Undergrad: 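Here it is, the structure in full.
Fair warning: this is a prediction, and the values are worked out from it, not measured in the lab.
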2 protein chains.
Amino acid sequence: MKSLHKTLDIIEAVAKTNSVGIRQLSELTGFPPPTIHRITSTLVERRYLKQDPITRRLSLSIKFLELGNMVQQRFNLKAIARPYLENLMVELKESVNLAVQDGDYVAYLDHVRSDYTMLQLFTKPGARVPLYCTGVGKIFMSRWSPSELDAYLRRTPLLPHTNRTIVDQSKLIAELRKIKALNYAVDNEEMEQGVRCVAAMVVDHRGLPVAAVSVSGMAKRIAQARIKAFAESLKACSRAISRKMGFRDTA
Amino acid sequence: MKSLHKTLDIIEAVAKTNSVGIRQLSELTGFPPPTIHRITSTLVERRYLKQDPITRRLSLSIKFLELGNMVQQRFNLKAIARPYLENLMVELKESVNLAVQDGDYVAYLDHVRSDYTMLQLFTKPGARVPLYCTGVGKIFMSRWSPSELDAYLRRTPLLPHTNRTIVDQSKLIAELRKIKALNYAVDNEEMEQGVRCVAAMVVDHRGLPVAAVSVSGMAKRIAQARIKAFAESLKACSRAISRKMGFRDTA
DNA sequence: AAAGCTGATTCCGTAATATGGAATTTGAAT
DNA sequence: ATTCAAATTCCATATTACGGAATCAGCTTT
């Protein structure tokens, strides 16, 4: 599937820029102009790319928004969760996020930005960050079986993003055990210097993990003393979403 | 580009379902199973599709959310507009939408749902509806040159979506002239029975149309008597967004 | 106005790739 | 164990994608 790989390379190259010409794409991807031309004109024909009629420059089209919104299950989750996230933001006066696990990464689905803080969020919807250095990621990991965790640790180097990132495997394992017991996770400036984050799990109708809700903000504002309170609010919120997803905790 | 067309057909078929098997995809698209298999496994490898490890069923992956969020310019517009849309929703107590023109269609980028109404919005982000029977669409059309309008009318049958849809070309032309003069457009149950909508234009730094803001709700609530007031609020809102986009109206 | 330049587009003989029927494997259900 | 449906692999063949070279289109410079 050489041509398909090329096509995807081209789409990704276009995504990285805001708009590109064919020549430039040729340099970015290493494919000759006729190849680029053939593929992009098909993509334009199918409305995946849009081409400025005068400059002939290419960019991603609305089609991807359309498809992005069709990423199912996730879509329902997002719609169900939204009002709860908004309430939680108002209650805590901090930015609130909704995220899912996507392979070895955390993918952010939605966020409600706090009006009360200036924090520039790094959690744009669709953004992907590693599991081991985020509150959301660690709460997912805390539910893994030992063999799953083992396989993950074997393939993933624990790179320090800040000086607080947990880079020691046994410390991470201990942290995950603690998280499992407490039922919430804290990211103590492990991903981004000065940013703290607290996360709790959302489960589906059978009690299986599907998403996590998190609160993130400047470390000064998410003070150690307040973390317990944040965690309780988060747990209440995620429990409410879980119930709305069909989970019955009367077991 | 036969294989690319097939690939896109497959992606679109997967998008329509929540999750499909290869056999089922083969029926949906008409391509034999080995062809589907070859293409989907490449897409899975590249993370465009995700495959349930046990059922082997395919669905769109987070990748499309990622790409959807990279649809540029639009993204900035969305971020800039969001707080204004929220204010407008609070002010009018009705759902507010942000939309752009996408070829011969209106594509909704964002919406702020009113807490005050039960209306199930048909304007999900990414949704596409015709230009001629929506407030947003008509406001775009009101800025077209006669030749553009003419070409559009020649290729587009004015199908009735409700008994109020404008299906007469000369009536539509007159309506657009009126809209241009008033600087706002009304969709009077032309797209959906019982739903009214008022729209105003957002322009970029050079005064060119880029998007439209609209208010939509049950016809009872968007009463004829209130439309003028709605239009004024909308125009103020869209002017504010336009200014934020760099437009200077001191001419 | 003409020449020069840059990038987009088209051409076309060739090599490589996608094709899909048939065979095989997987795994669930009986 | 046996059956069955679906997924996956195989492979000879035809088709398609390939990309260098030529051409075209829209600018800028002289």
Side-chain angles (χ1 to χ4, degrees), chain A residues 1-61 63 72-73 103 145 147-148 151 206 208, chain B residues 1-61 72-73 103 145 147-148 206 208:
Chain A
M1 298 267 69
K2 211 164 171 184
S3 73
L4 179 45
H5 278 291
K6 287 185 189 180
T7 301
L8 301 178
D9 288 344
I10 289 171
I11 287 173
E12 286 163 23
V14 173
K16 275 195 212 123
T17 64
N18 290 17
S19 88
V20 245
I22 284 182
R23 160 65 48 125
Q24 197 182 341
L25 263 180
S26 165
E27 277 153 26
L28 287 171
T29 59
F31 309 134
T35 299
I36 306 270
H37 182 262
R38 190 154 18 88
I39 292 172
T40 57
S41 36
T42 307
L43 289 171
V44 167
E45 180 194 330
R46 294 292 293 256
R47 299 201 318 106
Y48 284 73
L49 298 182
K50 126 184 121 63
Q51 186 162 33
D52 186 304
I54 48 174
T55 66
R56 311 257 76 196
R57 292 171 73 83
L58 300 153
S59 50
L60 295 192
S61 90
K63 189 94 190 184
Q72 271 294 339
Q73 190 223 347
S145 69
S147 64
E148 275 179 294
R206 268 169 304 164
L208 298 173
Chain B
M1 297 267 71
K2 210 164 172 186
S3 74
L4 179 46
H5 278 291
K6 285 186 189 181
T7 302
L8 301 178
D9 288 344
I10 289 171
I11 288 174
E12 286 163 23
V14 173
K16 273 193 214 125
T17 64
N18 290 19
S19 90
V20 243
I22 285 182
R23 157 65 45 134
Q24 198 181 342
L25 264 180
S26 164
E27 276 152 26
L28 287 171
T29 58
F31 309 134
T35 300
I36 307 271
H37 182 262
R38 189 154 20 87
I39 292 173
T40 57
S41 38
T42 307
L43 290 170
V44 167
E45 179 193 332
R46 295 290 245 126
R47 299 202 319 105
Y48 284 73
L49 298 182
K50 128 182 117 62
Q51 186 162 34
D52 187 304
I54 48 174
T55 67
R56 310 257 78 194
R57 292 171 74 83
L58 300 153
S59 50
L60 295 192
S61 90
Q72 271 296 338
Q73 191 222 347
S145 70
S147 64
E148 274 179 294
R206 270 169 302 164
L208 297 172

Undergrad: Counting only side-chain N and O atoms of B/R23, is one of them less than 4.0 Å from OP1 or OP2 of D/dT8?
TA: no

Undergrad: Would you kindly give the NZ-to-C1' distance between A/K2 and D/dC18, to the nearest whole Å?
TA: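 Interatomic distance, NZ of A/K2 to C1' of D/dC18: 9 Å.
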
Undergrad: Without decimals, in angstroms, what is the distance between B/E27 CD and D/dA5 C1'?
TA: 12 Å

Undergrad: Using a 3.5 Å distance criterion without hydrogens, assess whether the side chain of A/S61 forms a donor-acceptor pair with backbone atoms of A/R47.
TA: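 Flag set: sc A/S61 to bb A/R47 pair under 3.5 Å.
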
Undergrad: Between A/R38 and D/dA17, is there a contact of a side-chain N or O with OP1 or OP2 at under 4.0 Å?
TA: no

Undergrad: Check the distance between C/dT9's C1' and A/L58's CG and give it to me in whole angstrom.
TA: 13 Å

Undergrad: How long is the line joining CD of A/Q51 and P of C/dA8, in whole Å?
TA: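 Those two atoms, CD and P, are 9 Å apart.
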
Undergrad: How many angstroms lie between atom NE2 of B/H5 and atom NZ of B/K2, to the nearest 0.5 angstrom?
TA: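 One finds 11.0 Å between NE2 of B/H5 and NZ of B/K2.
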
Undergrad: Can you see if the side chain of A/K6 gets near the phosphate of C/dT17 - specifically, an N or O under 4.0 Å from OP1 or OP2?
TA: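 No, outside the criterion.
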
Undergrad: To the nearest Å, give me how far apart CZ (B/F31) and P (C/dT19) are.
TA: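 Whole-Å distance recorded here is 9 Å.
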
Undergrad: When B/L49 is tested against each of B/T42, B/T40, B/I39, B/V20 for side-chain contact (heavy atoms from CB on, under 4.5 Å), which residue passes?
TA: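 Exactly one option meets the side-chain contact (heavy atoms from CB on, under 4.5 Å) with B/L49, and it is B/T40.
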
Undergrad: Please state how far atom CG in B/D52 lies from atom P in C/dG27, giving the value in whole angstrom units.
TA: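 Taking CG of B/D52 and P of C/dG27, I get 13 Å after rounding.
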
Undergrad: Using a 4.0 Å heavy-atom cut-off, does A/P34 contact any base of the nucleic acid, only the sugar-phosphate backbone, or nothing at all?
TA: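 Base, at least one base heavy atom under 4.0 Å.
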
Undergrad: What's the CE-C1' distance between A/M1 and D/dT16, to the nearest Å?
TA: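 Nearest whole value for this atom pair: 11 Å.
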
Undergrad: Mapping B/S3 and B/V20 to their closest nucleotides on DNA chain D, which lands nearer the 5' end?
TA: B/V20

Undergrad: What is the distance from CG of A/L4 to P of C/dA18, rounded to the nearest Å?
TA: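 Atom-to-atom, A/L4 to C/dA18, this comes out as 8 Å.
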
Undergrad: C/dT9, OP1 or OP2 - any side-chain N/O from A/H37 closer than 4.0 Å?
TA: yes

Undergrad: Tell me if a side-chain donor or acceptor on B/S41 pairs with a main-chain N or O of B/H37 at a distance below 3.5 Å.
TA: yes

Undergrad: Does any part of the side chain of B/V44, heavy atoms only, come nearer than 4.5 Å to the side chain of B/K50, both counted from C-beta?
TA: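 No, side chains not in contact.
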
